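Scroll down for the structure; my scribbles are underneath it.
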Amino acid sequence: MNRIAAAFAKPHAALAAFLTAGDGDTAANLDALVAGGADIIELGMPFTDPMADGPAIQQANLRSLAKGTSTTDILEIVRAFRARHPDIALVLMGYANPMAVRGGAWFADACAKAGVDGVICVDLPPEEDGELGPALRERGIALIRLATPTSDAGRLPTILAGSSGFIYYVAVAGITGLQQASSDSIESAMARLKAVTDIPIVVGFGIRTPQQAAAAARVADGVAVGTAIVEIIGKYGNDAAEPLRLFTAELAQAMRAKQEDMIG
Amino acid sequence: MTSAPPASPNSFRNQPDSAGHFGPYGGRYVAETLMPLILDLEAEYRAAQADPAFDAEFRRLLRDYVGRPSPLWHAERLSNHLGGAKIYLKREDLNHTGAHKINNCIGQILLAKRMGKKRVIAETGAGQHGVATATVAALFGLPCTIFMGAVDVARQQPNVFRMKLLGAEVVAVEAGAKTLKDAMNEALRHWVAHVHDTFYIIGTVAGPHPYPQLVRDFQSVIGTEAREQFLAAEGRLPDALIAPVGGGSNAIGLFHPFLDDADVAIIGVEAAGEGLDKRHAASIAGGRPGILHGNKTYLLQDDDGQIAEAHSISAGLDYPGIGPEHAWLNDIGRAQYVSVTDDEALNAFQLLTRLEGIIPALESAHAIAATMRIAPEMGPDKCIIVNLSGRGDKDIFSVADALGVAI
């Protein structure tokens, strides 16, 4: 079983934890996320123009780039993580230009060598799949597409064709970190998606508290938290590891407790 | 009307393809949230193109509100001074709001109305597109929000006040370098969160398909008129067209109806800023292909695909990309792209003002500067049409500052 599938084979919903590569002490922060109970790491590739992100992740992108973080540095972060955590799934999340600038084949090779399990490219809809999709699939790396509140029944089959790993359900029509997702809307979206696919669904955008994570975990296969984590890094700088571990543990506990309640 | 002949199967005017690609450029690189909306927009645009009532309303507004056709002026004193080709100026500066931008805004607000959208948003750099958008929003009674970098808000106060007078809300964008690129990022962020009721009026031939195509089509009135006016004046086609290129909407508007006229040379002028080896905004001369703001095109970027800040004395050219159709026309060799520095543009600004009594926008001054190089190389039997894309009243403060004059 590959690492992404293994993350969804656990008895609880998977916790996908996001941080921006190169923002703070990334290796220590990643270890803290794993220690706290993250099942999937979403490692953000910083970009000068993060059009889908709210102020917190924009700032994280700028902090990382200001330190000179390069694509080579990011791949090295992944390679070192893979050596320390051979079983934890890691996906790169970012924008098309830094991923495609040297060509899809180059990027897919680099991902495969470093130990990346999947790629989420925010501004690469199925219509532009050719940019990265074929090269990633050829090397067994999941191309994780996004579905949103605007993805109606006519649109979903287009998104699902060629998707693998999981579907990232963007819970709010908006950018990261600003709005809060309502559990009712998440629940009806899950029903809509589950009716047409068996690929696991991870809910993200607008989930920041253990309570929200627990609520989403009741209906989804996984829950992604980003802005709340990035804000901790913004606040604690190079000393963010321990606060991150505590916060991640709170999220994981809340998600698992609810799940066990349901079973009991 | 004597417009360009119908496009043949091998026409340069058949782009983009059905997926919005101009050769390898263009496309739809947007967040999934926006995809249903831009697919709707494309379908609605196709329907509008086939609707004679839409065209009639567009023409009526261009004629009676914008003041079209704009004149084609034979700049005799400039031609004599340069001592070469005969120079004609397409006077887009005489349009309502003072530039070509209004042509596109009229077309897009008609689409917004057709789609039942309740409000419009736009990005702006110097404020020209913001003013044009606020103007049509006032005319159609729609609420309007303009995103403008905080640095541009500070240095373009008269346009900020104009937009507010017209009833628009102006949002000062504090992200990034606080200029046009960041304003566009913020407009896209806002759009994603308000897709259900909001129409985004993009100001240039960039962004996701179908924007580069529809903006071009609305701006093509420039070239269609110029072709007819030139034929009437000279009984033949011009030898060259010259236009400034930031995103490139005025340029493609002039060029497009002439693309299949093989004997007409087509020259776009990029902003070389302080020089191509220093800070500049020349995406073709100094950039390479990449993906930004919904399309693939030439961009100023580093090896890792991080976007560089552009620089030009002309705020309207101060953008690190160029419309995807220009990228394609460059690669296939149908158009040629040259560049002009801030200093050359400043000289051209003063020369045209003194010789013709026309104060050009700094954007347009770039095309005049290129003409100063090109016209003397051509014989007096040759003719050039230069797109005078806007008037320079907005720029007198920047020019005074550059010339060290206190006003």
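Predicted model only: the values in this text are computed from it and were never measured. Labels below follow one simple rule: chain letters A, B, ... track the order of the sequence lines, proteins then strands, and each chain is numbered from 1.
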Picking from Pro125(A), Cys121(A), Pro55(A), Pro50(A), which has the most non-hydrogen pairs under 4.5 angstrom with chain B?
Pro125(A)
Count the heavy-atom pairs under 4.5 Å between each of His194(B), His196(B), His190(B), Lys296(B) and chain A, then report the option with the highest count.
Lys296(B)
More than 12 heavy atoms of other groups within 6.0 Å of Lys67(A) NZ:
yes
Backbone N or O of Asp53(A) within a donor-acceptor pair of the Arg189(B) side chain at under 3.5 Å?
yes
How about residues 191-208 of chain A versus chain B: which residues have heavy atoms under 4.5 Å apart?
none
Measure from the side-chain N and O atoms of Asn97(A) to the backbone N and O of Ile291(B), and report whether any donor-acceptor pair falls under 3.5 Å.
yes
Output the distance between atom CG (Asp49(A)) and atom CD1 (Ile307(B)), rounded to the nearest 0.5 Å.
5.5 Å
Using only atom types and a distance under 3.5 Å, with no angle test, would you say the side chain of Gln306(B) pairs donor to acceptor with the backbone of Thr48(A)?
yes
So that I can tick it off, tell me whether Asp304(B) and Arg102(A) are bridged by a salt bridge, with the cut-off set at under 4.0 angstrom between side-chain N and carboxylate O.
yes
Mind ranking Ile159(A), Val170(A), Val172(A) by heavy-atom pairs under 4.5 Å with chain B and telling me who comes out on top?
Ile159(A)
Any heavy-atom pair between the side chains of Leu292(B) and Tyr95(A) that's under 4.5 Å?
no
Keeping the roles fixed (side chain from Thr150(A), backbone from Thr33(B)), state whether a donor-acceptor pair exists under 3.5 Å.
yes
Counting only non-hydrogen atoms closer than 4.5 Å, does Ala100(A) touch chain B with its backbone (N, CA, C, O), its side chain (CB onward), both, or neither?
side chain
In terms of heavy-atom pairs under 4.5 Å with chain B, the winner among Met99(A), Gln59(A), Arg155(A) is Arg155(A)
Between CD of Glu32(B) and CG of Leu124(A), what distance do you get to the nearest 0.5 Å?
10.5 Å
Could you tell me whether the side chain of His293(B) reaches within less than 4.5 Å of the side chain of Met51(A), counting heavy atoms only?
yes
Side chains of Glu131(A) and Tyr29(B): do they bring a donor and an acceptor to under 3.5 Å?
yes
Portion of Glu186(B) that has a non-hydrogen atom of chain A nearer than 4.5 angstrom
side chain
Can you tell me how far CE of Met35(B) sits from CD of Glu127(A), rounded to the nearest 0.5 angstrom?
3.5 Å
Side chain, backbone, both or neither: which part of Leu39(B) has a heavy atom under 4.5 Å from chain A?
side chain
